[in-house]
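In what follows, a single structure is set out as structure tokens and then discussed.
Throughout, a chain's letter reflects where its sequence line sits, starting with A, and its residues are numbered from 1. Remember, predicted model here, so these are calculated numbers, not experimental data.
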There are 2 protein chains.
Amino acid sequence: MKFELQDFLPYLLNQAAEQASIGFQQIYKRKYGMLRTEWRVLFHLGRYGSLTAQEICSRGGLHKTKVSRAVSALEAKRFASRKKRDEDRRFEDLSLTAQGKRVYSDLQEQAEAFNRELTRNLTETEIRNLIACLRKIGKQSADNR
Amino acid sequence: MKFELQDFLPYLLNQAAEQASIGFQQIYKRKYGMLRTEWRVLFHLGRYGSLTAQEICSRGGLHKTKVSRAVSALEAKRFASRKKRDEDRRFEDLSLTAQGKRVYSDLQEQAEAFNRELTRNLTETEIRNLIACLRKIGKQSADNR
DNA sequence: TCTTGATAGTTACATTTTCAACTAATACCC
DNA sequence: GGGTATTAGTTGAAAATGTAACTATCAAGA
């Protein structure tokens with residue numbers, strides 16, 4: 001059997017991810033001038049409440065420099081704030097400001113709508129299987145991020 | 001139902017794609033010093049023979065500046081060569097050199113192995129469904145790339 | 001207490017990517 | 001033919017990312 005680029009998973013995944021990301025990027029970029037990493041961090045904070053940068057890194061599979069810069073950017077936009085922990089001043093607890101929460105709430109709705117749109121042509125079963133597969137593949141091998 | 005980042009497709013796709021790309025990147029980067037876009041272009045040429053930059057753009061969903069630079073890099077490595085078309089000198093037909101073909105053949109085998117590894121935990125049915133879904137999602141809306 | 005080593009996060013610098021403007025070649029149409 | 005619009009591909013500057021070295025804080029043991 002001849003090798004088909006169209007069956008090569010890293011390629012397909014990349015295409016699909018690109019397509020999906022670009023679509024949603026329009027929304028948070030145009031509306032709030034945010035970058036992808038900023039959006040990701042905002043979503044983590046919106047969904048899970050207060051987190052440290054480190055926790056966002058491991059949960060989101062993001063490198064710490066990316067998170068560091070995203071947090072600074074979110075802080076500059078007054079969407080997030082940080083507070084050093086008293087017990088261990090290396091940690092910073094990050095959380096959304098009132099404004100940040102409003103942005104999260106808005107984007108979260110848009111995300112759901114976008115997600116529905118993206119899966120419009122797929123059946124329930126297909127979607128469940130897709131998600132399960134993506135989770136398996138996306139599991140990070142324990143590395144430094 | 002509460003919104004779950006873990007069910008949000010752009011997020012999942014990105015995680016999975018990242019994971020898959022990073023893994024395969026090790027191979028072509030370490031062995032041939034190639035970047036992701038270079039590898040993609042090389043694979044298109046290896047798989048489909050002679051193509052113009054424009055064709056690679058539309059087939060691969062890549063921006064023309066990326067392709068332009070990747071082609072230059074592949075040319076510098078003597079993996080690819082170009083030839084302006086006589087009928088219309090705006091077009092350049094790109095193809096692999098003998099060395100480029102050897103590299104393709106090597107990487108293509110590695111890609112197949114990597115692909116198998118990536119789907120190790122998935123059944124045949126799951127894989128088929130996954131691929132079908134990714135293709136649907138990845139279809140580019142007709143834009144400039 | 002002092003040294004060594006870890007960990008959270010930042011910063012500087014190099015590499016890549018993106019965006020927009022550009023050249024060159026052709027097509028269209030008066 | 002001559003002007004205008006398109007298309008293929010390139011280039012330069014700005015933005016984003018990755019890598020590695022850095023600071024600051026704490027832990028643990030001599």
Side-chain angles (χ1 to χ4, degrees), chain A residues 14 17-18 21-22 25-26 28-30 33-41 44-45 50-77 80-95 142-145, chain B residues 14 17-19 21-23 25-26 28-30 33-41 44-45 50-77 80-95 142-145:
Chain A
N14 206 67
E18 196 96 334
S21 293
I22 284 177
Q25 184 178 42
Q26 308 302 334
Y28 55 76
K29 188 173 186 183
R30 183 168 34 73
M34 284 171 29
L35 300 177
R36 178 149 31 158
T37 315
E38 294 172 44
W39 167 75
R40 287 234 242 165
V41 169
H44 275 279
L45 292 176
S50 181
L51 294 172
T52 66
Q54 170 55 29
E55 284 168 330
I56 297 176
C57 289
S58 59
R59 279 167 186 268
L62 295 165
H63 196 275
K64 58 183 181 172
T65 61
K66 265 184 159 179
V67 172
S68 172
R69 290 195 255 246
V71 169
S72 299
L74 289 175
E75 202 180 18
K77 293 187 177 74
S81 62
R82 44 177 132 203
K83 184 171 181 320
K84 277 204 191 292
R85 245 182 234 174
D86 284 335
E87 320 91 81
D88 188 336
R89 299 182 50 71
R90 284 172 304 182
F91 290 85
E92 288 189 326
D93 290 310
L94 308 168
S95 54
D143 53 14
N144 60 321
R145 300 174 300 165
Chain B
N14 206 67
E18 196 97 332
Q19 207 53 33
S21 293
I22 284 177
Q25 184 178 41
Q26 307 304 333
Y28 55 77
K29 188 174 185 183
R30 183 167 36 73
M34 284 172 27
L35 300 176
R36 177 144 37 154
T37 315
E38 293 172 45
W39 166 73
R40 287 233 241 164
V41 169
H44 275 279
L45 293 176
S50 181
L51 295 171
T52 66
Q54 170 55 31
E55 284 168 330
I56 296 177
C57 290
S58 59
R59 280 167 186 266
L62 294 165
H63 196 276
K64 58 182 180 173
T65 61
K66 267 182 159 180
V67 172
S68 172
R69 286 175 169 131
V71 169
S72 299
L74 290 175
E75 201 179 20
K77 294 188 178 73
S81 62
R82 41 178 133 204
K83 182 169 184 323
K84 279 205 190 293
R85 242 181 237 174
D86 283 337
E87 319 92 80
D88 186 336
R89 300 184 47 72
R90 285 173 303 182
F91 290 86
E92 287 188 328
D93 290 309
L94 307 168
S95 53
D143 52 15
N144 59 323
R145 300 174 304 165

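Take K84(B) and apply the salt bridge (Lys or Arg N to Asp or Glu O under 4.0 Å) test, not counting sequence neighbours, and it matches E92(B). In this structure L51(B) satisfies the side chain to side chain contact (heavy atoms under 4.5 Å, CB included) test together with H44(B), L45(B), Y48(B), E55(B), I56(B), R59(B), sequence neighbours excluded. For S81(B), the side chain to side chain donor-acceptor pair (under 3.5 Å) criterion is met by no residue, not counting sequence neighbours. For F91(A), there are no ring pair (Phe, Tyr, Trp, His ring centres under 6.0 Å) partners, not counting sequence neighbours.
Chain A approaches DNA chain D within less than 4.0 angstrom (heavy atoms of the protein), and the contacting nucleotides run 5' to 3' from dA16(D) to dC26(D).
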Nucleotides 23-28 of chain C: protein proximity per nucleotide (B base, S sugar-phosphate only, - neither; heavy atom, under 4.0 Å): --BS--
Where protein sits on nucleotides 13-22 of chain C, one letter per nucleotide: B base, S sugar-phosphate only, - none, heavy atoms under 4.0 Å: ---SSBBB--
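Panel note: side chain T52(A), backbone D93(A); no donor-acceptor pair is recorded below 3.5 Å. At distances below 3.5 Å, not a single donor-acceptor pair connects side-chain atoms of R36(B) with backbone N or O atoms of S21(B).
Distance CZ/R40(A) to CE/M34(A): 12.0 Å, rounded to 0.5 Å. Taken from CG in N14(B) to CD in Q19(B), the straight-line distance is 11.0 Å, to the nearest 0.5 Å.
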Side-chain donor/acceptor pairs under 3.5 Å, residues 65-74 of chain A, sequence neighbours excluded:
unit_1, atom_1, unit_2, atom_2, d
T65(A), OG1, H63(A), ND1, 3.2
S72(A), OG, S68(A), O, 3.1
S72(A), OG, R82(A), NH2, 3.4

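The phosphate of dT10(C) has OP1 or OP2 within less than 4.0 Å of a side-chain N or O from S68(A).
A heavy atom lying under 4.0 Å from DNA chain D marks none of the residues of residues 70-77 of chain A.
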